[in-house]
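Note sheet for the following structure.
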Protein chains: 2
Amino acid sequence: MEITSYKHTDRILVAIDCIIFGFDKEQLKLLLIKRDFEPEKGKWSLMGGFLGESESLDEAAHRILKALTGLKNIYLEQLHAFGEVNRDPVERTISVAYNALIDIEAHSFELSDDYSASWFPITQLPDVIFDHNQMITDALDRLQYKASHEAIGFELLPEKFTLPELQKLYECIYGRSLDKRNFRRRILAMDVLINTGEKEKESSKKGAFLYTFDQTEFNKLQKAGQNMDLNLY
Amino acid sequence: MEITSYKHTDRILVAIDCIIFGFDKEQLKLLLIKRDFEPEKGKWSLMGGFLGESESLDEAAHRILKALTGLKNIYLEQLHAFGEVNRDPVERTISVAYNALIDIEAHSFELSDDYSASWFPITQLPDVIFDHNQMITDALDRLQYKASHEAIGFELLPEKFTLPELQKLYECIYGRSLDKRNFRRRILAMDVLINTGEKEKESSKKGAFLYTFDQTEFNKLQKAGQNMDLNLY
DNA sequence: GCAAAAGTGTTACGAATACACCCATGA
DNA sequence: TCATGGGTGTATTCGTAACACTTTTGC
């Protein structure tokens, strides 16, 4: 006899919440929405949704992110499952949180109007509902860790970017300034940046070279177990 | 009007699976059980269970661990939520996996007979059900990472242990041998070990000093942001 | 007295840090 | 010509890695 369900009865709502990081050449930001249903309607919240029967956790996270941003191939990484009994006052709900990194200035996307979303600098976040504050704290820790040990920061930048921009991004992530020469030496030593030869001249008279991230080379090095620590933190 | 449930209907089974590591002075081992219900009855599996309505994820993990080992205050850390649609062939179930570390030789506990559990060296694991193999791989990666950056290995040892035992444990975790002098220097430099003055004389004629782990000192240093990396990997 | 495991220091190398000046350009 | 931001090199310090012998004691 084939079994088609477990006798166990406690089936539970599973939510997904996305901690969406962005960078706009100046500040590291977080995308929050005005919650449009009770409870806490009108308060700020992470973008979220419920897990459907026929989608994996990762798929649900992508679906939710796409609903808000229209973007498909976003960097997404599971952060943690939050499961305190009363974390949602309405009904028992566990939430699996995901970190998302997107390039704010990609002209290819527009935020959906359905959610009244807006970007907040991570240094000036409003109050958020439930345990979303904890999620955000954990998310930033994870981002710092990841950015130091893997070539992850690039997800937050346009395809072409300058080294000063990249440094600024890392400074925002770590909340401290970095030595220009040491930063450049180390990031270039990773051997995953390609100088396009083009110059960006908006932010200075001299102009700064535009680089691209060499994903193929990065994959090769990572597979070879190459150490790519930036030793920040 | 107060809201008491979300309209959303997809409530889903939430399982907990525990990756239980132990160490017996020789090898790093994993505790597996013979699954006693369908499907895959009789096959090896991680110890698991379902999340109840009125317990948090962490509480459920502790409950499940206690059911098998009788132990209460075990090191437990959430690993990852696994949520592929067909990971459990019976019914849609997501599983939140937890890493557990226990001292195999603690005389204070006995495995419950209810589960036909047994310890397997991590180098010789049997086939396991579902996606438990993936969970185990992830768990070992996490253990390696944690053991290198925090004083975590101690959870796997008795209250009193010798430095050669501790080194052996780390060698098992990393699957390679370590230089005795460098290992001792670094572990002692962390300043969280106390030499009890007693000697253990079973494994050698000369005898090795027994140490204890100074949890209080460790907490202090950790709070102070002290770097306690062992730089293994 | 010898076998077996515990314990101990030093040197050499490489990586991280700190630090100051020149360059190119537009206004 | 000067103000602005981009770009470059070196000396010092510190941490990591490599390495071999002495000690203790039970048999």
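Just so it is clear, the model here is predicted, and its values are computed rather than measured.
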(request) Check for a donor-acceptor pair, side chain of A:Asn99 on one end and backbone N or O of A:Ala139 on the other, with a separation under 3.5 Å. (result) yes
(message) Strictly distance-based, threshold 3.5 Å: is any side-chain N or O of B:His132 a donor or acceptor partner for the main-chain N or O of B:Leu46?
(response) yes
(message) Return a single string for nucleotides 19-27 of chain D, one symbol per nucleotide in 5' to 3' order, where B is base contact, S is sugar-phosphate-only contact and - is none, cutoff 4.0 angstrom on heavy atoms.
(response) BB--BBBB-
[atom1] ([X]) with more than 12 external heavy atoms under 6.0 Å:
X: A:Gln78; atom1: CD; answer: yes
X: A:Glu159; atom1: CD; answer: no
X: A:Glu200; atom1: CD; answer: yes

(request) Output all residues satisfying ring-ring contact (aromatic ring centres under 6.0 Å, His included) with B:Tyr75, sequence neighbours left out; order by chain, then residue number. (result) none
(request) Not counting sequence neighbours, which residues clear ring-ring contact (aromatic ring centres under 6.0 Å, His included) with A:His62? List them please. (result) none
(request) Check every nucleotide of DNA chain C for an atom under 4.0 Å from a heavy-atom of chain A, then give the first and the last such nucleotide from 5' to 3'. (result) C:dA16 to C:dG26
Gap between atoms [atom1] and [atom2], on [X] and [N] respectively (whole Å):
X: B:Leu230; N: D:dA17; atom1: CG; atom2: P; answer: 11 Å
X: A:Glu202; N: D:dT4; atom1: CD; atom2: P; answer: 19 Å
X: B:Leu178; N: D:dA18; atom1: CG; atom2: C1'; answer: 14 Å
X: A:Arg186; N: D:dT8; atom1: CZ; atom2: C1'; answer: 17 Å
X: B:Phe183; N: D:dT16; atom1: CZ; atom2: P; answer: 14 Å

(request) Rounded to 10°, tell me the angle between the two end axes of the helix from C:dG1-D:dC27 to C:dA27-D:dT1, each built from five pairs. (result) 10°
(message) Is it the case that the ring center of B:Phe161 lies less than 6.0 angstrom away from the ring center of B:Phe154?
(response) yes
(request) Identify whether any heavy atom of B:Arg184 sits under 4.0 Å from a base atom; if not, whether one sits that close to sugar-phosphate; answer base, sugar-phosphate or nothing. (result) base
(message) Please classify the nucleic acid contact of B:Thr162 as base, sugar-phosphate, or nothing, using heavy-atom distances under 4.0 Å.
(response) nothing
(request) Sort and list the pairs that fulfil salt bridge (charged side-chain N to carboxylate O under 4.0 Å, His left out) and have at least one residue in residues 106-116 of chain B, not counting sequence neighbours. (result) none
(message) Quick one, B:Trp119 and B:Leu30 - any side-chain contact, counting heavy atoms below 4.5 Å?
(response) no
(message) In terms of relative ring orientation, are A:His149 and A:Tyr145 parallel, tilted or perpendicular, with 30° and 60° separating the classes?
(response) tilted
